[in-house]
S.K.: 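Here you go, one structure.
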Amino acid sequence: MMRTSERNSNGFYSLFYLLLFYKKKMGKVLIIGCGGVGTVVAHKCAQNPDVFEQIVIASRTKSKCDAVAKAIGAPNITTDAVDADSVPQLVELFKKHRPDIVINVALPYQDLTIMDACLECGVNYLDTANYEPRDEAHFEYSWQWAYRERFEKAGLTAILGCGFDPGVTSVYTAYAAKHHFKEIQYLDIVDCNAGNHHKAFATNFNPEINIREITQKGLYWENGKWVETEPLEIHQPLTYPEIGPRESYLLHHEEIESLVLNYPTIKRARFWMTFGQQYLTYLDCIQNLGMSRIDEIEYSAPLADNPDKTVKVKIVPLQFLKAVLPNPQDLGSNYDGQTSIGCRIRGIGNDGKELTYYIYNNCSHEAAYKETGMQGVSYTTGVPAMTGAMMFLKGIWNKPGVHNVEEFDPDPFLDVLNKQGLPWHEIFNCDLEL
C-alpha cells in the first residue's frame, strides 16, 4: 500500500500549523557559504519573505554572493565577506548584521568557529553537516555535542544536520516512529543519484569533502556496537522508485550516530549510496596516484617571471585536485535524471505486528535547475536547510541547546517540505531488499 504526503496538508495538523503561521515573527537570516547549497538556500529564503524578512549572504568571496543576490533579484538580500575560519571576523559580521539565526553551509571544518561566534554574539545556529578536522578524514558529532551546555545556558538553539542526509532522513525516521512504529528495529538509509551530468568525472558537492567521505572506512551499527568495513567493501543492488536497480555501497554517515542514540530499539542501522562504475574507476585512479592525500607535500614551482628559477611551495593534493575538477555549482545546466533518497524501516507497528515501511523523495535535476540554477544534490540539501530555519523562526523548532533534527516534531517540517519542492511518499509492507 502506498500513500503520498498530500494527506498532511489536510485536517488537524494543517489548521494547527496555520495558526502558528499567523503567530510567527518575521526574522533575519545570515547564510554563510555561497556554493551550490548556499545558492539554493538563498533562493528558497527569498521565496518566503513572510518568514525571512531580511537575508544576508556571506562568504570569503563577496563577488560570488553579489552574483547570487543579483540573480535572485529580491530587495531584501544584502551581501558581505567573511573568512569563516576566523572567529573575530565572524563576530564582527554577526554584530554588524545581528541575525536571528545563522545557516552554516560553509565547509564542515568551520562548524566550530561559527558556533563559537554564535555563542559570543547570542545568535542561533543551523548546519547541514557535522564537524570534521582539516587534517583527518574523520567526522562525528562529539565535537558539536560538547557545546550543548553552553548553548543551553545562553538560551540559544543549535540545529545540527539539517540537509537531506543528514537531515530529512532523520526527520523521516522521527515521523515513522511518531506515527507508524512502536519499535523501530532495522533502519537503512538509501541514497541514489541516477542523474547524468555528462562529465567524465565530477562530484555533486565540494570535491574535497566528497572524496574524503567516500574513501574512508565504512561503519554501521549492529547489536549495540559499531562494525567497521573497508571502504566500499559491502555493496548490493537496490531498486529505487522510478529509477530501477542501482548498485549501492555501504558508507559511514553521521546521522546513524545520533539516530541509534535517540531510538535505542534500533538493532541495526546502515547507510547506502549509489556510484556508477566510471566514477569508481576514476576514484580508484585518484587514490592510486596519491591525489586523495590530505597531508601537505612540498613542490618546486617555477617563478612566473623567471621560469628557470623555482620556489618551494606546499600544496595538499586533494585541494589541488578540487581546483581542477568541475565546480559542482556549474553542473546544473546539463544535468538530467533524478535523485531518490529515503529510509527503509522494519520493526513493530502500532498494531503490534511486524511492519515494513519505505519513505522517500525523488528530485529532478532539471526541475531544480529551472527553479534555482543548481542541480538536484544542492537542491535536496538547500531546501531542508531553509525549512529548518523557517521552523526556528516560527517558534516550532526552538529549544535551547544543541539538537539533531530528529529531536524536534517532524510533522510541520515535512508539511513545509512537501510544499517547497521536495514532496515525500510512503510505501507500507513492501520488500525492503535489505
Side-chain angles (χ1 to χ4, degrees), residues 27 29-49 51-52 55-59 64-65 67-69 71-72 74 77 79 84 99 101-108 110-111 114 125-130 159-171 191 193 195 197 203-206 209-210 255 327-333 335 338-341 361-393 397 405 413-414 416-424:
V29 64
L30 171 59
I31 304 164
I32 300 181
C34 197
V37 176
T39 299
V40 173
V41 174
H43 271 271
K44 299 303 289 190
C45 287
Q47 290 174 16
N48 294 275
V51 177
F52 301 98
I55 303 164
V56 182
I57 313 171
S59 76
K64 290 175 62 179
C65 305
V68 171
I72 296 172
I77 299 178
T79 65
I101 187 168
V102 164
I103 299 178
N104 169 19
V105 285
L107 295 172
Q110 297 161 333
D111 288 0
I114 297 173
Y125 172 89
L126 178 146
D127 68 28
T128 63
N130 69 355
I159 301 171
L160 305 185
C162 197
F164 207 107
D165 46 349
V168 176
T169 51
S170 300
V171 178
D191 182 328
N193 181 9
H197 47 56
T203 61
N204 294 294
F205 57 94
N206 185 296
I209 302 302
N210 183 244
E255 64 262 51
N327 185 344
Q329 198 169 349
D330 300 330
L331 296 176
S333 61
Y335 221 133
Q338 60 184 325
T339 64
S340 182
I341 312 173
N361 161 265
N362 278 30
C363 177
S364 161
H365 287 289
E366 296 99 324
Y369 180 75
K370 184 177 180 180
E371 182 184 346
T372 65
M374 295 295 119
Q375 38 89 352
V377 176
S378 295
Y379 190 86
T380 56
T381 305
V383 176
M386 178 280 298
T387 304
M390 180 185 287
M391 293 296 99
F392 171 80
L393 291 174
W397 284 15
V405 293
F413 181 93
L414 291 181
V416 170
L417 207 66
N418 184 52
K419 300 168 184 173
Q420 293 290 332
L422 294 177
W424 45 281

S.K.: Main chain of Ala368, side chain of Thr372: is a donor-acceptor contact present, judged purely on distance under 3.5 Å?
M.R.: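 Yes; judged by distance alone, with no hydrogens or angles, the pair exists.
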S.K.: Quick check: does any side chain N or O of Lys64 sit under 3.5 Å from a backbone N or O of Gly35, one acting as donor and the other as acceptor?
M.R.: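 Flag not set: sc Lys64 to bb Gly35 has no pair under 3.5 Å.
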S.K.: Calculate, to the nearest 0.5 Å, the distance between atoms CD1 and CG belonging to Ile32 and Asn104 respectively.
M.R.: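 The CD1 atom of Ile32 sits 6.0 Å away from the CG atom of Asn104.
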S.K.: On a heavy-atom basis, which atom in Ile72 and which in Ala46 lie closest, and how many Å separate them?
M.R.: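 Heavy-atom minimum between the residues: CG2-CB, 3.6 Å.
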S.K.: Are side-chain heavy atoms of Pro384 and Leu417 found at a separation under 4.5 Å?
M.R.: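 Yes. Closest side-chain heavy atoms under 4.5 Å.
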S.K.: For Ile31 and Val56, what are the C-alpha separation, side-chain angles and deciding distance, and is it a side-chain contact (heavy atoms from CB on, under 4.5 Å)?
M.R.: CA-CA 6 Å; Ile31 304 164; Val56 182; over 6 Å; no
S.K.: Hey, are the side chains of Phe52 and Gln47 touching, using non-hydrogen atoms and a 4.5 Å cut-off?
M.R.: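 Contact flag for Phe52/Gln47 side chains = no.
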S.K.: Nearest 0.5 Å, what's the CE-CD1 distance between Met391 and Ile101?
M.R.: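 Spacing of CE (Met391) from CD1 (Ile101) equals 11.5 Å.
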S.K.: Out of curiosity, Ser364 OG to Gln375 CD, how far, rounded to the nearest 0.5 Å?
M.R.: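 Ser364 atom OG to Gln375 atom CD measures 11.5 Å (nearest 0.5 Å).
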S.K.: Between Glu255 and Thr169, is any side-chain donor less than 3.5 angstrom from a side-chain acceptor?
M.R.: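 Present: a donor and an acceptor within the cut-off.
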S.K.: What's the shortest heavy-atom distance between Ala69 and Thr79, and which atoms?
M.R.: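 Looking at all heavy atoms of both residues, the closest pair is CB-CG2, 3.9 Å.
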S.K.: Check whether any side-chain heavy atom of Glu371 sits under 4.5 Å from a side-chain heavy atom of His43, and report yes or no.
M.R.: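 In short, these two side chains do not touch, never coming nearer than 4.5 Å.
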S.K.: Go through Trp424 and Leu414 one step at a time and tell me if the side-chain contact (heavy atoms from CB on, under 4.5 Å) criterion holds.
M.R.: CA-CA 8 Å; Trp424 45 281; Leu414 291 181; 3.6 Å; yes
S.K.: Distance check, rounded to the nearest 0.5 Å: Thr39 atom OG1 versus Lys44 atom NZ?
M.R.: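 Result: 14.0 Å between the selected atoms.
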S.K.: Is a donor on one side and an acceptor on the other found under 3.5 Å between the side chain of Thr387 and the backbone of Val383?
M.R.: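 Checked: pair present.
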S.K.: Can you see which heavy atom on Ser170 is nearest to which on Val405, and at what distance?
M.R.: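 Looking at all heavy atoms of both residues, the closest pair is CB-CG2, 3.6 Å.
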S.K.: Closest heavy-atom contact between Ile57 and Cys34?
M.R.: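 The answer is CG2-SG, 4.1 Å.
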S.K.: If the condition is ring-ring contact (aromatic ring centres under 6.0 Å, His included), which residues does Phe413 pass it with, not counting sequence neighbours?
M.R.: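 Partners of Phe413 by the ring-ring contact (aromatic ring centres under 6.0 Å, His included) criterion, ordered by chain and then number, come out as Trp397.
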S.K.: Do Asn362 and Ser340 meet the criterion of a side-chain donor-acceptor pair at a distance under 3.5 Å?
M.R.: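 Yes.
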S.K.: Are the side chains of Cys363 and Asn361 in touch, meaning some heavy atoms are under 4.5 Å apart?
M.R.: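 Yes, close enough: below the 4.5 Å cut-off.
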S.K.: Of all the heavy-atom pairs spanning Leu30 and Ala58, show the shortest one and how long it is.
M.R.: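 Closest approach of Leu30 to Ala58: CD1-CB, 4.1 Å.
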S.K.: Is the closest side-chain heavy-atom distance between His365 and Asn193 below 4.5 Å?
M.R.: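 Yes. Closest side-chain heavy atoms under 4.5 Å.
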S.K.: Nearest 0.5 Å, please: how far is CD1 in Ile103 from SG in Cys45?
M.R.: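 Reported value, rounded in 0.5 Å steps: 4.5 Å.
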S.K.: Using the six-membered ring wherever Trp is involved, compare the ring planes of His197 and Tyr335 and label them parallel, tilted or perpendicular (cut-offs 30° and 60°).
M.R.: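 Aromatic pair His197/Tyr335 classed perpendicular.
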S.K.: Strictly by modelled atom types, are Asn130 and Asp111 linked by a side-chain donor-acceptor pair under 3.5 Å?
M.R.: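 Judged by distance alone, the side chains do not pair up.
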S.K.: State, with a plain yes or no, whether a side-chain heavy atom of Leu422 is found less than 4.5 Å away from one of Tyr379.
M.R.: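 A side-chain contact exists here, since the closest heavy-atom pair is under 4.5 Å.
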S.K.: With a 4.5 Å heavy-atom cut-off, do Val102 and Leu126 have their side chains touching?
M.R.: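 Val102 does not reach Leu126 side chain to side chain.
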S.K.: Which heavy-atom pair separates Thr128 from Pro166 by the least distance, and what is that distance?
M.R.: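 Nearest heavy atoms, Thr128 then Pro166: O-CG, 3.5 Å.
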S.K.: Show the numbers, then the answer: is there a side-chain contact (heavy atoms from CB on, under 4.5 Å) between Thr380 and Thr339?
M.R.: CA-CA 9 Å; Thr380 56; Thr339 64; 4.0 Å; yes
S.K.: Is it true that a side-chain atom of Asp127 and a backbone atom of Gly161 form a donor plus acceptor pair closer than 3.5 Å?
M.R.: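 The answer is yes, because a donor-acceptor pair under 3.5 Å joins these two groups.
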S.K.: Can you list the steps and then say if Val37 with Met374 is a side-chain contact (heavy atoms from CB on, under 4.5 Å)?
M.R.: CA-CA 8 Å; Val37 176; Met374 295 295 119; over 6 Å; no
S.K.: Quick one, Val168 and Ile341 - any side-chain contact, counting heavy atoms below 4.5 Å?
M.R.: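 No, too far: nothing below the 4.5 Å cut-off.
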S.K.: Do the side chain of Gln110 and the main chain of Leu107 share a donor and acceptor less than 3.5 angstrom apart?
M.R.: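 Yes, Gln110 side chain to Leu107 backbone: donor-acceptor pair under 3.5 Å.
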S.K.: Would you please say whether a donor-acceptor pair under 3.5 Å links the side chains of Glu366 and Gln338?
M.R.: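 Gln338 and Glu366 do not have a side-chain donor-acceptor pair below 3.5 Å.
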